[in-house]
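Worksheet: the structure to be examined is printed underneath.
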Amino acid sequence: MSRHSVGVLGSLRATFMRELLIIWRSPGDMVNPLMFFVIAVSLFPLGGDPSPAYLSGIAAGVVWVTALLAVMLSMESLFRGDYEDGSLEQLLLSPQPLYFHLLAKVAGHWLLTGLPLVLLSPLLAMMLALPEQAYAPLMLGLLLGTPTLNLIGAIGMALTVGLGRSGLLLAVLVLPLSIPVLVFGTGMVQTALAGLPFTGLAALLGALLALALSLAPLAIGAALRISVN
Amino acid sequence: MWQWLYKLGSPRHFYEMTSTFLPWLTFVTYFLLIVGLVWGLGFAPRDYQMGDNYRIIYIHVPLALGALWVYVMMAVMAAMHMIWNIKVADMVAKSCAVVGVSYCAVALFTGAMWGKRIWGVYWIWDAKLTSFLILFFIYIGVMALRSAFDSETSASKAASVLTLVGIVNLPIVYYASVWWNTLHQPPSRLSLSAEGANPPEIWIPVFFTGFGLIGLVFLLVILRTRNEILWRERRAQWVQDLVKQELSRA
């Protein structure tokens, strides 16, 4: 079989399925970010004030910030293994456009690490006494925001994958870049709590996602080429 | 014109060309800064509302503009480094990061001092303040990433990518914080109330310190870049000749 016989779509599907399989076979990579999310959120009532009045005020921010940190911590598994076993080099050498490979890879990663965060968020919102009308904007915001965070985190991870341990450096690089998503995401919940329509902010989050989808793979690709060098 | 630009791309020519105009730049920068500061701090009239506190504008405003503007310069240099692989562009970008982060830090500090006197607090999560804090973080990130690499080439390329990602992000950060701020707090009139209303005696010194601090950006960036050139080219014959020449003169 000639290597050119795999089309763009075929390679996209292959990369996507491979990413799913990798995460599926090392459940820790999938479960640990979720556990971090739950544990970190539950520290706030313990460290602060457990009264519902206080918690409902900070709930949106706490859920969003911990989701952001959980996404960032989950990024390690996106390129680390591939870098160490050499398959990242194969990915960079493949005849199909790198852009689509990377999109497929991040999409697969998001599906098994980002989406569970979105699905778990109402439970944590309930524990933080967030009023029920805010569940929908919280989940919608996370649904639109976590893929963007994944794409931004992938840029940071691609830049630092060659450095051995990247944990703290990754945080320093990625957190400032993630602030707009955080601001719009928590803004959505606060607007909904004020009884105002939140679709405008959802559209802004969608715009950020569209921007990240179109530009981030270029930056990730450039960064990976530097790291693999 | 193009040839001149092309020559600037060579570390040696950059070093030699800057040697010729560095004394002039130094003189002009010091002249503007001294005139502006003496005039602004010593002779400009007191503001009827803020008293002497307003005098922070002579330093704070140019520093803040400078910090933003250095980032743009750094991004242009990063793009030039990525596209044409010009080494001098990367050395300039590296110097820009240090100068930019210092300007940002001093702007934040002087702003806090002014804020304490006028608003009664050192810090407010206002859009402008917040976006400057994030600019500061992004500068720190670029510097941290650069220092994490052992190889100079990887460090320069990685820092360039992050700088370019940052420049896409900065306008979004600004608008995000404006939106967030207007959502949470009543809009505060934080600008120096009605700039047009201030008399020229107050405003003219701002131009002196403003251009002086921009001159200082160039001066510091060029000086740092020259050091960087000498360090990276330390094995080249011309640098060794230069060092011998300087040593024999001393």
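Just so we're clear, the structure is a prediction, and the values are computed from it rather than from any experiment.
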CG/Leu169(A) to CZ/Phe149(B) distance, rounded to the nearest 0.5 angstrom? 8.0 Å
Please flag which part of Leu215(A) lies under 4.5 Å from any non-hydrogen atom of chain B: side chain, backbone, both or neither. side chain
Check against side chain to side chain contact (heavy atoms under 4.5 Å, CB included), Leu211(A) and Ile172(B): CA-CA 11 Å; Leu211(A) 188 72; Ile172(B) 305 173; 3.6 Å; yes
So what's closer than 4.5 Å to chain B heavy atoms on Leu218(A): side chain, backbone, both or neither? neither
Looking only at heavy atoms, the pair that brings Ile226(A) and Ala158(B) closest together is CD1-N, 3.7 Å
Using a 4.5 Å cut-off on heavy atoms from C-beta on, say whether the side chain of Leu162(B) contacts that of Leu177(A). yes
Around atom CD of Glu132(A), are there more than 12 heavy atoms from other residues, nucleotides or ligands closer than 6.0 Å? no
Has Tyr99(A) got more than 12 heavy atoms of other residues, nucleotides or ligands less than 6.0 Å from its OH? yes
Least distance between heavy atoms, Ala219(A) atom then Val165(B) atom: CB-CG2, 3.9 Å
Side chain, backbone, both or neither: which part of Ile179(A) has a heavy atom under 4.5 Å from chain B? side chain
At what distance, to the nearest 0.5 angstrom, does CG of Asn169(B) lie from CD1 of Ile155(A)? 9.0 Å
Heavy-atom count check: over 12 atoms from other residues, nucleotides or ligands less than 6.0 Å from Leu168(A) CG? no
Is the OH atom of Tyr135(A) crowded by more than 12 outside heavy atoms at less than 6.0 Å? yes
Just wondering, more than 12 heavy atoms not from Trp238(B) lying within 6.0 Å of its CH2? yes
Relative to chain A, which of Ile134(B), Leu145(B), Ile138(B), Val161(B) shows the most heavy atom pairs under 4.5 Å? Leu145(B)
Check whether more than 12 heavy atoms from other residues, nucleotides or ligands sit under 6.0 Å from atom CG of Asp85(A), and answer yes or no. yes
A quick test of your reading: do over 12 heavy atoms of other residues, nucleotides or ligands sit less than 6.0 Å from CZ of Arg234(B)? yes
